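By convention in this document, chain letters (A, B, ...) are assigned in the order of the sequence lines, proteins followed by strands, and residues within each chain are numbered from 1. These figures come from a predicted structure and were not determined experimentally.
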Amino acid sequence: MLQTDAYVMLSMVLFVLGAMGVMLRRNAILVFMSVELMLNAANLALVAFARQWGNSDGHLFVFFVITVAAAEVAVGLALIVAIFRTRRNINIDELNQLQG
Amino acid sequence: MATEVWLFILVGAIAVVAAVMLLLSQNAVHAALFLIINMGCIAFLFLLLNAAFLAMVQLAVYAGAIMVLFLFVIMLLGAERPGGRSPYGWLAPGAVVLALIFLVTVALALSQGGISDLQAPPAHPQLRVANLAADAGPVALRLNGSTVGDNLPRGSVQGYEALPPGEYELEVRAVDGRTLLSDSLALEAGQRYTALIYGTGAPELSLVPELAEAGSLRVFNGWGDAVWLVDFASELSDEDTVVLMADIAPGTLSDPLTVAEDTDFSNGALVNDLNEVLARTGAGMTLDALEGGSALMVLAPLRRFEGTLEATVDLLVTPSKASFGSPADIGLKLFNQYMLPMQIVALLLLVAMVGAIVLTHRPKVAPELERARLGRRRVSRPLTSAIASQLGQGGGSQDPDAAALPPAGTQER
């Protein structure tokens with residue numbers, strides 16, 4: 001059986017790539033997709049630990065994370081559509097009206 | 001190396017490459033397709049980790065529903081074009097440095113921490129109590145002085161209860177508060193036990209640990225004589241009678257008998273050494289409900305109203321532990337332990353749905369504003385002449401405003 005270490009390391013690499021996507025991409029939809037990638041990486045770590053402990057509570061947690069991600073995507077994409085309607089643009093560097 | 005390692009390396013590499021391409025691709029549609037590849041790889045890794053149900057959920061919900069939503073919005077907004085250069089030039093090198101620091105930290109923690117050597121603590125032992133006493137009537141159960149069951153009638157079973165391992169003092173009381181029996185039980189971690197209360201007069205207690213292998217049948221003899229478990233294949237002749245278990249001494253447990261899934265015990269019986277039938281196993285006592293679990297058949301006396309003793313057979317089925325990560329396992333936990341979180345998440349989904357509708361809803365302009373706007377435009381030349389021509393009046397013969405406005409007002413209502 002493959003060690004849990006390997007899965008956690010892969011999960012961390014994917015998480016970091018997702019975090020870099022959030023920092024570097026300027027298109028709001030791509031930022032959002034990077035957040036999904038980070039959630040997926042965390043799910044992978046949860047499932048790996050669930051197998052190691054032989055306890056399927058981790059699977060339940062992943063199930064809830066997927067559900068919450070679905071809700072988040074629904075609201076987030078609606079926000080992006082609403083912003084695009086008023087600004088004709090979803091570049092996050094230009095959405096700075098709240099800046100002091 | 002084992003196949004699993006090769007599969008992990010291959011699929012993990014595809015997942016990482018897809019994530020890098022998501023980071024680098026200029027076209028948002030390409031990025032979404034790379035993310036779908038990444039999610040497919042993660043679903044495969046879930047399969048490697050014995051999480052079959054989650055792998056299917058991942059494919060259906062993430063790679064299916066959520067990514068379709070993403071692609072839909074990308075195409076709707078026409079946002080697949082690249083965004084241009086960031087005004088913050090220091091961000092890219094800063095992010096790379098932070099990512100490297102994070103990865104080095106995690107690698108150090110993983111190599112030093114020894115996560116893979118951690119062992120899960122063994123599960124708590126589980127205990128259930130069956131009241132099969134002949135004369136006791138309903139009983140109350142007290143474990144180490146605290147009540148765990150109340151008014152448990154004869155022939156019923158108190159369900160499994162998880163307890164920390166150790167020594168317990170089980171006290172059985174009658175309805176009037178008399179202590180019928182008191183005995184100590186030693187419960188070991190990771191084991192499931194059935195405590196049987198049986199016998200005439202002052203009842204006795206027997207603690208039966210569950211077998212590790214599934215699909216077996218055991219008989220506990222709570223009767224005074226040795227018994228045989230036989231299967232009368234035919235009611236009419238004794239020729240086909242099969243002795244399944246022989247000479248089970250009083251107060252003991254038989255050796256396990258491996259039974260097929262659909263074994264029919266409706267013609268079975270427990271007989272004593274004089275070949276007298278003590279109890280029939282009864283119609284409908286089939287073992288098709290075992291589903292990988294095991295069964296315990298208990299022969300115990302029952303006091304009739306007229307004072308005679310009669311042997312009864314009870315079948316206590318031990319359900320199998322649902323296999324790790326299977327839909328049955330997840331479903332059992334979801335509808336038992338995690339009922340409230342599931343309801344909350346369902347509510348959250350509902351709120352998100354309503355929120356998405358509210359956010360993207362384009363409100364209708366108020367009627368008064370709309371009328372004022374239309375009224376102003378109606379003064380202009382082309383529209384009024386068009387309305388006037390619809391009414392069958394010559395455009396040039398009258399004052400255009402006076403002719404056009406009243407019928408236009410009626411049309412609006």
Using a cut-off of under 4.5 Å for heavy-atom pairs, which of Leu30(A), Leu37(A), Leu60(A), Asn43(A) has the most such pairs with chain B? Leu60(A)
Under 4.5 Å heavy-atom distance to chain B, tell me which part of Leu10(A) shows up: side chain, backbone, both or neither. side chain
Just so I understand: if I count every heavy-atom pair under 4.5 Å between each of Ile344(B), Ile357(B), Leu359(B), Asn38(B) and chain A, which residue has the most? Leu359(B)
Portion of Leu24(B) that has a non-hydrogen atom of chain A nearer than 4.5 angstrom: backbone
Contact class of Tyr7(A) relative to chain B, heavy atoms under 4.5 angstrom: both
Please say whether more than 12 non-hydrogen atoms of neighbouring residues, nucleotides or ligands are located less than 6.0 Å from CD in Glu188(B). no
Pick whichever of Ala95(B), Ser111(B), Gly355(B) has the most heavy-atom pairs under 4.5 Å with chain A. Ala95(B)
Find the one option among Leu49(B), Val61(B), Thr360(B) whose heavy-atom pairs under 4.5 Å with chain A are most numerous. Leu49(B)
Top contributor to chain B interface from Leu39(A), Asn55(A), Ile80(A) [non-hydrogen pairs under 4.5 Å]: Asn55(A)
Looking at Gly58(A), Gly76(A), Ala50(A), which one has more heavy-atom pairs under 4.5 Å with chain B than the rest? Ala50(A)
What option among Arg85(A), Arg88(A), Met23(A) has the most heavy-atom pairs under 4.5 Å with chain B? Arg85(A)
Please report the interatomic distance CG(Leu71(B)) to CE(Met33(A)), rounded to the nearest 0.5 Å. 7.5 Å
Largest heavy-atom contact set with chain A, pairs under 4.5 Å, which of Val20(B), Val351(B), Leu54(B), Ile66(B): Leu54(B)
Which answer fits Val96(B), side chain, backbone, both or neither, if we ask what part of it has an atom under 4.5 Å from a heavy atom of chain A? both
By a 4.5 Å heavy-atom criterion (distance strictly below it), what part of Met342(B) contacts chain A: side chain, backbone, both, or neither? both
Rounded distance [0.5 Å steps], CG in Leu59(B) versus CD1 in Ile42(B): 11.0 Å
Quick one, Leu7(B) and Phe44(B) - any side-chain contact, counting heavy atoms below 4.5 Å? yes
Run the numbers on Glu210(B) and Gln126(B) for side-chain contact (heavy atoms from CB on, under 4.5 Å), then give the verdict. CA-CA 10 Å; Glu210(B) 185 206 324; Gln126(B) 292 181 312; over 6 Å; no
Rounded to the nearest 0.5 Å, the CG atom of Asp329(B) sits from the CG atom of Leu334(B) at a distance of 11.0 Å
Taking atom types as modelled, is there a side-chain donor on Asn40(A) or Gln58(B) under 3.5 Å from an acceptor on the other? yes
Contacting region of Ala107(B) [heavy-atom separation from chain A under 4.5 Å]: both
If you count heavy-atom pairs within less than 4.5 Å of chain A, which of Phe102(B), Phe72(B), Phe53(B) leads? Phe102(B)
Ala32(B) versus chain A, the contacting section by heavy-atom distance below 4.5 Å: both
Has Phe61(A) got more than 12 heavy atoms of other residues, nucleotides or ligands less than 6.0 Å from its CZ? no
Should the pair His59(A) and Phe324(B) be assigned to parallel (<30°), tilted (30 to 60°) or perpendicular (>60°) ring geometry? tilted
Among Gly18(A), Ala70(A), Ala82(A), single out the residue with the greatest number of heavy-atom pairs under 4.5 Å to chain B. Ala70(A)
Any chance you could measure Phe335(B), atom CZ, to Ile330(B), atom CD1, to the nearest 0.5 Å? 12.0 Å
Relative to chain A, which segment of Leu35(B) carries a heavy atom at a distance below 4.5 Å: side chain, backbone, both, or neither? side chain
For Phe63(A) and Tyr338(B), run ring pair (Phe, Tyr, Trp, His ring centres under 6.0 Å): C-alpha distance rounded to whole Å, both residues' side-chain angles, the deciding distance at 0.1 Å, then the answer. CA-CA 11 Å; Phe63(A) 187 74; Tyr338(B) 290 91; over 10 Å; no
Is a side-chain N or O of Ser25(B) found less than 3.5 angstrom from the main chain of His30(B), in a donor-acceptor match? no
Under 4.5 Å from any heavy atom of chain B, what part of Glu72(A) do you find: side chain, backbone, both or neither? neither
Among His361(B), Gln337(B), Arg362(B), who wins on heavy-atom pairs under 4.5 Å with chain A? Arg362(B)
Quick check on the interface: out of Leu77(A), Thr67(A), Thr4(A), who has the most heavy-atom pairs with chain B under 4.5 Å? Leu77(A)
Starting at CG of Leu22(B), measure out to CG of Leu17(A) and round the result to the nearest 0.5 Å. 8.5 Å
Where on Ala6(A) is there a heavy atom nearer than 4.5 Å to chain B: the side chain, the backbone, both, or neither? both
